[in-house]
There are 2 protein chains.
Amino acid sequence: MNNSTDSQTIHDLIDRLTRLTAAEEWNGPLNPSQFAALTYLARANRFSRAPSHVADYLVTTRGTASQTLKALARKDLITEARSEADKRSIRYDVTKDGLALLKDASGLETVVETLPADVAASLAASLKSLVLALLHHRGGRSFGLCGTCRHHEPTATGGHCRLLGVSLKPHEASQLCHEHSPELETHP
Amino acid sequence: MNNSTDSQTIHDLIDRLTRLTAAEEWNGPLNPSQFAALTYLARANRFSRAPSHVADYLVTTRGTASQTLKALARKDLITEARSEADKRSIRYDVTKDGLALLKDASGLETVVETLPADVAASLAASLKSLVLALLHHRGGRSFGLCGTCRHHEPTATGGHCRLLGVSLKPHEASQLCHEHSPELETHP
DNA sequence: TGCAATAGTTTCGACTCGCTACTATTAAGG
DNA sequence: CCTTAATAGTAGCGAGTCGAAACTATTGCA
């Protein structure tokens with residue numbers, strides 16, 4: 001017994017971290033959920049800013065995501081943009097006010113920066129493994145950067161998405177995409 | 001630039017982890033907050049089970065903690081025990097039903113167990129560093145195990161707490177204490 | 001053409017959350 | 001001793017989260 005790292009211990013640490021982070025994350029007029037949604041919208045590409053994508057990313061339902069987005073819109077931090085092509089879908093864009101709110105570094109980041117470099121590196125690496133394992137477990141999407149996707153193709157003018165069949169501007173390669181699918185592993 | 005592990009990346013990973021964990025943690029009739037409170041009560045010693053201690057541990061206010069505890073009591077998972085010594089304070093004890101609910105391993109633990117041992121070990125170590133840094137940042141209590149406290153003294157019949165001046169049963173050394181204060185570091 | 005799938009919304013009930021009173025009770029100082 | 005002052009817990013408020021279910025528009029398919 002006394003297994004050096006049992007899953008119970010890790011569970012406890014994650015719960016504690018969750019509570020501490022949430023407390024640290026109240027950002028002015030926003031609660032943690034709203035802040036997370038706003039942050040996502042600011043990093044997602046134009047094909048990934050609909051309520052259902054936010055719901056996927058935040059691991060909640062469309063209904064809940066819809067309410068959170070309405071709350072952000074009421075505060076003029078995001079605006080609705082209805083699609084011409086598909087009249088059912090909506091894309092939310094972050095406003096100037098919304099971007100301004102995201103500027104200031106959070107308390108969490110301040111603390112992370114006090115960690116020794118090697119601890120930060122191993123934290124990032126092991127967190128990534130865990131998040132990927134959890135996503136795999138529940139069949140969730142990875143929401144990676146567009147440019148690291150197997151459907152992405154660099155071109156002279158920026159890039160091209162083979163899946164959606166659209167050309168991309170240079171800055172779009174570093175935005176999150178709900179269709180993201182990692183590069184295929186090189187099988188041994 | 002492109003600092004191998006910038007704090008923004010870690011922040012993103014933690015946010016994702018938080019959402020995934022919360023979704024995984026809905027345990028039958030309990031939401032994540034109630035589950036966290038119940039778990040804490042089951043692991044805390046008899047001096048650390050008051051609403052204010054739960055509030056400290058969950059990083060929230062006494063008012064919120066009070067409501068969460070009332071919700072658990074309504075479901076007969078914990079019971080109120082008023083103190084004789086100090087008529088203001090209350091101690092909550094976990095009932096049989098409450099303990100039963102904690103028995104089944106969570107989805108999170110299942111996933112953690114799929115991680116390679118070295119990843120799990122580095123995850124635990126770096127998470128611990130981060131949690132301690134966050135606690136230090138906001139002046140929170142560590143809530144460590146009674147037996148690892150600087151006020152703890154092993155005795156023939158179990159242990160003795162020099163701070164509270166009470167003798168302890170053997171099993172109490174491995175419970176959480178709100179007064180926990182780590183062993184002093186050996187200064188070089 | 002007609003029915004099923006999809007996108008988003010609304011409503012419901014239970015609950016969290018920070019806050020601000022407010023009530024007991026206990027502690028400290030003149 | 002007796003009056004503050006601190007402490008422990010609670011109630012109520014308003015905004016919001018959360019899952020679930022019911023409900024519109026669309027769009028896709030056969």
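So you know, we letter chains A, B, ... as the sequences are listed, proteins then strands, and number each from 1.
L58(B) places its CG atom 10 Å from the P atom of dT16(C), with the value rounded to the nearest Å. Between the CD atom of E80(B) and the C1' atom of dA8(D) there is a distance of 12 Å, rounded to whole Å. The nearest whole Å value for the distance from the CD atom in Q34(B) to the P atom in dG13(C) is 18 Å. Atom pair E25(A):CD and dG18(C):P shows a separation of 13 Å (rounding to whole Å applied). Y92(A) has its OH atom 9 Å from the C1' atom of dG8(C), to the nearest Å. As rounded to whole Å, 13 Å separates atom P of dT6(C) from atom NE2 of H53(A).
T64(B) and T61(B) are linked by a side-chain donor-acceptor pair at a separation below 3.5 angstrom, with hydrogens and angles left out of the test. Side-chain contact check for R19(A) and S33(B): at least one donor-acceptor pair (N or O, by modelled atom type) lies under 3.5 Å.
S89(A) has no side-chain polar atom (N or O) that falls below the 4.0 Å cut-off from OP1 or OP2 of dA7(C). Close to dA14(C), at under 4.0 Å from its OP1 or OP2, lies no side-chain N or O of N31(B). Checking the phosphate oxygens (OP1, OP2) of dC15(C), a side-chain nitrogen or oxygen of K75(B) falls inside 4.0 Å. Distances shorter than 4.0 Å separate none of the side-chain N or O atoms of R91(B) from OP1 or OP2 on dG9(D).
For R91(B) and E80(B), the salt-bridge test fails: no basic side-chain N is under 4.0 Å from an acidic carboxylate O. Between R138(B) and E24(A) there is a salt bridge, with a side-chain nitrogen of the basic residue lying less than 4.0 Å from a carboxylate oxygen of the acidic one.
The side chain to side chain donor-acceptor pair (under 3.5 Å) check on E25(B) picks up H11(A), with sequence neighbours excluded.
Contacts between residues 45-52 of chain A and DNA chain D, counted as heavy-atom distances below 4.0 Å, involve no residue at all.
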At under 4.0 Å between heavy atoms, how does the protein contact nucleotides 19-30 of chain D? Give one character per nucleotide, 5' to 3', with B, S or -. B-----BBS---
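Counting only residues at least two apart or on different chains, the ring pair (Phe, Tyr, Trp, His ring centres under 6.0 Å) pairs with a member in residues 48-78 of chain B are Y40(B)-Y57(B), H53(B)-H178(B), Y57(B)-F143(B). The stretch residues 144-172 of chain A participates, sequence neighbours left out, in no ring pair (Phe, Tyr, Trp, His ring centres under 6.0 Å) pair at all. Every pair tested for salt bridge (charged side-chain N to carboxylate O under 4.0 Å, His left out) that includes a residue from residues 113-130 of chain A fails, sequence neighbours excluded, so the list is empty.
For I90(A), whose side chain is taken as the heavy atoms from C-beta onward, the closest listed nucleotide among dC18(D), dT10(D), dG8(C) is dG8(C). Which of dC18(D), dT9(C), dT17(D) sits closest to the side chain of S66(A) comes down to dT9(C).
Put simply, L108(A) and L58(B) are part of two different groups of oily side chains (I, L, V, M, F, W, Y) that touch within less than 4.5 Å, one to the next.
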